[in-house]
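Contents: one structure, followed by commentary.
Letters go in sequence order (proteins before strands), and every chain restarts at 1.
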Amino acid sequence: MNQPDNSPNSQDDLAHQPSSGSLSARARAAVAPQLAYLSGLNPEQRAAVEATEGPVLVLAGAGTGKTRVLTTRIAHLIATGRAWPSQILAVTFTNKAAREMRERIGRAIGEVAEGMQWLGTFHSIGTKILRRHAELVGLRSDFTILGTDDQLRLMKQVIEAEGIDEKRWPARQLAGLIDAWKNRGLGPDQVAAGEAGAFANGKGGRLYRAYQERLKVLNAVDFGDLLLECLRLWREHPDILEQYQDRFRYMLVDEYQDTNVAQYLWLRLLAQKRKNLCCVGDDDQSIYGWRGAEVDNILRFEHDFPGAIVIRLERNYRSTGHILSAASVLIAKNQGRLGKTLRTEDELGEKVTITGAWDSEDEARLIGEEIEALHAKKHPLSEIAILVRISAQMREIEDRLVQLGVPYRVIGGPRFYERAEIRDALAYLRVVNQPADDLAFERIVNVPKRGLGDATIQVLHNHARAARVPMMEAARFIVETDELKPKPRATLRDLLISFGRWSKLSETMSQSEVAQIVLEESGYTDMWQKEKSADAAGRLENLKELVRSMEEFPDLQSFLEHVSLVMEANESDTSERVSLMTLHAAKGLEFDTVFLPGWEEGLFPNQRALDESGRAGLEEERRLAHVGITRAKRRAKIYFASNRRIHGLWNSTVPSRFVDDLPEANVEIVEAPANFSYGGGYGGGSRFDRMQPFSGSSYQTPGWQRAQAHRASTEDGGSSARRSRDRRGPMMIEGELVAKSTGSSGFTVGGRVLHSKFGPGTIEAVDGNKLTVEFDKAGRKMVLDSFVEALG
DNA sequence: CTTAAACGGGTTTTT
DNA sequence: CCCGTTTAAG
């Protein structure tokens, strides 16, 4: 399977391939206009679907039905016989987007979507291609995909090996540079000497090359390589490139404004021959420039692909008039854009509100109050979002929501496979699977702590390097010598024996069984069980989920790939909660009501973006503002504070210039209620109005943990009796939300309960539907009875 | 080798 | 202020 099978009788293609000119194809095309999937489209959307041949750029403004066009276009290509599902390349940026697209195509045309094996992210498709031709780029087909932490460790080693002071030239910085180079499609030999010289007194280029060499030795790639190595493969092997060019009769790209140079080159190579490339994007929503995305790719499309058709989708189906108009006027201030005018046939609706707050605490309070008010009017919490510029803004807001007892969820944050426990577990499996995986070995050799610290690792390193063998092998040698003190020597020997045993097990047992055993016997699960911190229970839960999901994969190899590339935390939680996230994380989402706090100079537009990228930076910030406003369907609420704490110090701030960019006709200035809090922390109600949150996963959030910590420290001062007596406004919310759960619970002090996150525990106190439970693993918590079940 | 205290640095983060 | 990381003491 080293070649893309393009032959008529291959497994993935059906036997008969109609060419676009064949009778059957034309006959099927003739019935297309009556096909149901076309009927609901507006004229522009329909044009975008039906312009199948040649390069097409679809400029799809926010809320104009971009995904719909994309999926319908694919359905159309298949239904009219222009291509088999396996001949269509459809690229997205996120796995989520890929999944959604697959679902929607399936809904449009049935199970044929299953045949779309080339629908995925740039990275997953790149991986698939690379595995088939790995040996041509100096890899084996079972290469490992490194995560950020592995990369960093590797770079540290490379820097050290070159005799460079890691303090002065941190690995992080090198990682950033190399990442940027890879984003621009530059290999070690193509980086301009001057640019590479900026790091470590001219050694940047050498370090890059050394890093790449180390990757090859380890049979590993990083994310950037998944694209870069494809480029190299195709350039060095034109025959293989041509196979793919022929295979992909039609290519579609989502979020084209976010492509970087490497991705652009990747697409251009593939599209060169047939030129059936359809890119969908919105230059006004390009917000990843700092990560290498080139707005230029979309601005230059017509130039790069001569004869391209450009179709604009300008009818917005999401927002009401005032919101859309405010967003349009704002974004029109940008110079570098292709220009679109969004319009809606919806009513004007509510104006965009702008509210000035005294300080950031006050701002959080105001938002909290509005959410309470909305909720009292039966506005679903799941249709409310708070979008911040930087994560640091979340803290105060979270604290306030916790105080009010408003359930919320934080979107974004570390991905499932980025979490320490997942990466640790995977490292164990990687070593079992491939003992030569030094990075993985190094990661877990002393996790859990078993007394094999830096000194021991250093010895292993030296030997491994001198003998040019993997560390595992070096370790085998060293335990036979007296180079190590007796204790670490014995520990290391035990560990080696264990790994030998596990490797043997994996020959006969299923991987989930092996994983289970490895995690148990290595003491890894124990480590978290002993840990009493609030998130230990969650981590164990994640590990369980990991083992569970392994069962679905045929072998460890495909599982490891799935985890490093695709797997993400269960975010299928549709419960009633407010969403809190950064503006970046909000792209592609929509909510009835959107709160936009922190519109202040310095914060938004962010000073650093301005300093580093000048006008381009400002324009990207403005696009971010545009993205923020256009997330709102019916209500957009902008806030700014006159004082904000930055790095612990209070600074006075001025409203964002973006506020002044908004058209007066579409905005309304809201006077903040008079109960300002002048920094004293008493604003908006008693400090005793805090209460327990009542939602499952907010327990994991930092805000809740902080509230817990605070509660513990004030336990003596404000007794719980006092707290509940003094609760005011928030009670209402609680009363309503809690009404669902059993008022008079059957729980009694001393009873045993099971909580989905915290595990088993003993009830210490019962207060209405609130239980105080001493959990065996997670310590004492207050929980609502509806979140636990009685045991035994 | 492990733990606790000092230190420094602090946008955004699809893969 | 709050975090992760490095350093000095057990």
Side-chain angles (χ1 to χ4, degrees), chain A residues 91-98 120-127 145-148 151-152 156 166-167 170-172 176 179 182-183 221-227 254-255 257-260 262-263 285-293 360 387-396 399 411-418 420 446 448-457 485 487-488 491 561 563-568 581-589 598 602-613 617 620-621 623-624 627-628 644-651 702 705-706 709:
Chain A
V91 203
T92 64
F93 272 83
T94 66
N95 295 300
K96 192 168 151 229
T121 62
F122 277 102
H123 299 270
S124 64
I125 291 171
T127 307
I145 301 164
L146 262 36
T148 331
Q151 276 177 64
L152 227 49
K156 261 188 196 136
E166 216 258 286
K167 300 267 153 46
R172 282 203 160 283
D179 189 50
K182 289 188 173 179
N183 284 156
V221 296
D222 61 22
F223 279 123
D225 288 336
L226 292 174
L227 296 166
D254 191 15
E255 307 279 17
Q257 77 281 354
D258 289 333
T259 50
N260 60 36
Q263 288 157 342
Q285 292 188 62
S286 165
I287 54 176
Y288 284 101
W290 51 273
R291 237 189 139 274
S360 42
L387 311 181
V388 296
R389 172 68 248 261
I390 63 171
S391 308
Q393 286 173 263
M394 290 188 188
R395 198 181 336 280
E396 276 179 303
D399 283 347
I411 305 210
R415 304 260 151 299
F416 186 78
Y417 58 83
E418 295 263 330
N446 200 30
K449 300 234 179 327
R450 36 170 87 89
L452 300 173
D454 288 347
T456 314
I457 291 171
K485 298 207 180 83
K487 218 177 192 169
T491 316
E561 178 169 318
V563 173
S564 58
L565 227 45
V566 178
M567 192 160 178
E568 45 203 73
M581 68 193 97
T582 63
L583 286 159
H584 285 90
K587 196 174 70 168
L589 305 178
L603 177 62
F604 189 34
N606 191 273
Q607 192 57 49
R608 201 147 146 186
L610 263 37
D611 292 344
E612 284 172 13
S613 317
E620 181 152 317
E621 294 287 303
R623 291 194 290 269
L624 212 40
V627 166
R644 186 171 296 272
R645 198 168 14 206
I646 299 163
H647 304 332
L649 301 169
W650 284 98
N651 290 69
Q705 284 165 26
R706 276 192 303 282

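- Across all strands, A:A609 comes closer than 4.0 Å to base atoms (heavy-atom distances).
- Nearer the 5' end of DNA chain B, as judged by each residue's closest nucleotide, is the contact made by A:N446, out of A:G648 and A:N446.
- No contact: A:K587 has no heavy atom under 4.0 Å from any strand.
- C:dT5 sits 16 Å from B:dT12 when the P atoms are compared, rounded to a whole Å.
- Counting any heavy atom pair closer than 4.0 Å across all strands shown, A:E166 reaches no nucleic acid atom.
- B:dT11 and C:dT6 have their C1' atoms separated by 24 Å, with the value rounded to a whole Å.
- Two residues are said to be in side-chain contact when any heavy atoms from C-beta on lie closer than 4.5 Å; A:D222 and A:I145 fail this criterion.
- Of the side-chain N and O atoms in A:S391, none sit less than 4.0 angstrom from OP1 or OP2 of B:dT11.
- Of the listed nucleotides (C:dC3, C:dT6, B:dT13), C:dT6 has the atom at the smallest distance from the side chain of A:K156.
- Comparing C:dT7, B:dT13, B:dC1 by their nearest atom to the side chain of A:R415 picks out B:dT13.
- Nucleotide C:dG4 forms a pair with B:dC7, judged by Watson-Crick or G-U wobble geometry with both contacts under 3.5 Å.
- With sequence neighbours excluded, the residues satisfying side chain to side chain contact (heavy atoms under 4.5 Å, CB included) with A:T121 are A:T92, A:N95, A:H123, A:S124.
- Among the protein residues, A:K485 comes within range of no part of the nucleic acid, since none of its heavy atoms lies under 4.0 Å from any strand.
- Within 4.0 Å of A:N95, counting heavy atoms only, lie sugar-phosphate atoms of the nucleic acid but no base atom.
- In this structure, A:Y288 reaches the bases: a heavy-atom distance under 4.0 Å links it to at least one base atom across the strands shown.
- Contacts of A:T456 with the nucleic acid, taken as non-hydrogen atoms under 4.0 Å apart, involve only primed sugar atoms and P, OP1 or OP2.
- Residue A:R645 places its side chain closer to C:dC1 than to any other of C:dC2, B:dT15, C:dC1.
- Nucleic acid contact class of A:S564 (heavy atoms, under 4.0 Å, all strands): none.
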### Residues A:I390, A:N606; criterion side chain to side chain contact (heavy atoms under 4.5 Å, CB included); working and verdict
CA-CA 9 Å; A:I390 63 171; A:N606 191 273; 4.1 Å; yes
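- The side chain of A:W290 sits closest to B:dT12 out of C:dC3, B:dT15, B:dT12.
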